[in-house]
Amino acid sequence: MSYYSINQSGNGFYEKSGSKFFSFIFPCKTIDDLNARLKDIKEKYKNASHFCYAYSFKSKQLVAEYSSDAGEPRGSAGLPILNEIRSSKLINIAICVARVFGGKKLGISGLIKAYSLASHASIKDVQHIPWIEKD
């Protein structure tokens with residue numbers, strides 16, 4: 001399978017019923033890289049109620065993927081973000097979506113759509129480069 005990666009960070013945005021979804025895509029190869037970036041995003045968006053994320057790392061034959069709903073209903077945030085990563089065939093990246101709650105609940109299907117569209121917007125904001133595994 002052919003994969004793609006990125007060499008710079010990008011952003012996306014989606015708004016629904018007053019809630020704002022700020023998405024961030026960035027190159028990432030380790031959990032330490034991810035945690036550092038999440039910390040920076042949380043510092044910048046202190047008014048956000050949720051910081052949902054997903055990542056996909058590849059090393060040799062192993063692909064490590066993970067997603068976090070961060071307090072949203074199970075499967076409504078992290079998995080849609082991860083599915084956007086998978087459908088774009090991106091590797092060694094992470095996406096975080098910071099949600100600023102707008103006062104109206106969106107329901108599970110609304111959350112799935114919002115997190116997917118916010119993630120997709122950040123994916124479109126960066127150039128995809130063919131990924132070649134190095135020893």
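- Y53 and F24 end up in the same hydrophobic cluster when Ile, Leu, Val, Met, Phe, Trp and Tyr side chains are linked at under 4.5 Å.
- No option in I85, I81, L82, I25 other than I81 meets the side chain to side chain contact (heavy atoms under 4.5 Å, CB included) test with S119.
- In plain terms, the two heavy atoms of R86 and L79 that are nearest each other are NH1-CD1, 4.3 Å.
- Here the closest non-hydrogen pair linking Y14 and K16 is CE2-CB, 3.6 Å.
- In this structure, N92 contributes its side chain and P27 its backbone to no donor-acceptor pair below 3.5 Å.
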Is there a side-chain contact (heavy atoms from CB on, under 4.5 Å) between W131 and Y4? Walk through the geometry before answering.
CA-CA 5 Å; W131 181 79; Y4 298 90; 5.6 Å; no

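- Cluster membership check: Y66 shares its hydrophobic cluster with I31, using side-chain heavy-atom separations under 4.5 Å among Ile, Leu, Val, Met, Phe, Trp and Tyr.
- Under a hydrophobic-cluster definition in which Ile, Leu, Val, Met, Phe, Trp and Tyr are linked whenever side-chain heavy atoms come within less than 4.5 Å, directly or via other members, L106 and L117 are assigned to the same cluster.
- Heavy-atom neighbours of K58 NZ from other residues, nucleotides or ligands within 6.0 Å: above the threshold of 12.
- Note that CD1 of I41 and CZ of F26 are 5.0 Å apart. Values are rounded to the nearest 0.5 Å.
- Between Y55 and F57, the distance separating the two ring centers is shorter than 6.0 angstrom.
- Remark: R74 CZ to I108 CD1 distance equals 10.0 Å, nearest 0.5 Å.
- Contact of the C96 side chain with the L38 side chain is registered, since non-hydrogen atoms from C-beta on lie closer than 4.5 Å.
- For H50, the side chain to side chain contact (heavy atoms under 4.5 Å, CB included) test picks out C52, E72, R99, Y115, with sequence neighbours left out.
- Neither F51 nor F21 shares a network with the other; the hydrophobic side chains, linked directly or stepwise wherever heavy atoms of I, L, V, M, F, W or Y lie under 4.5 Å apart, form separate groups for each.
- Within the structure, every pair that satisfies the side chain to side chain donor-acceptor pair (under 3.5 Å) test and touches residues 120-129, not counting sequence neighbours, is listed here: E84-H120.
- Between I93 and L90, the closest heavy-atom pair is CG1-CB, 3.8 Å.
- Both F13 and Y45 are part of a single hydrophobic cluster, where members link through side-chain heavy atoms under 4.5 Å apart.
- What you find for S5 and I91 is that their closest heavy atoms are OG-O, 3.0 Å.
- In this structure, C28 and D33 approach most closely via the heavy-atom pair SG-CB, 3.7 Å.
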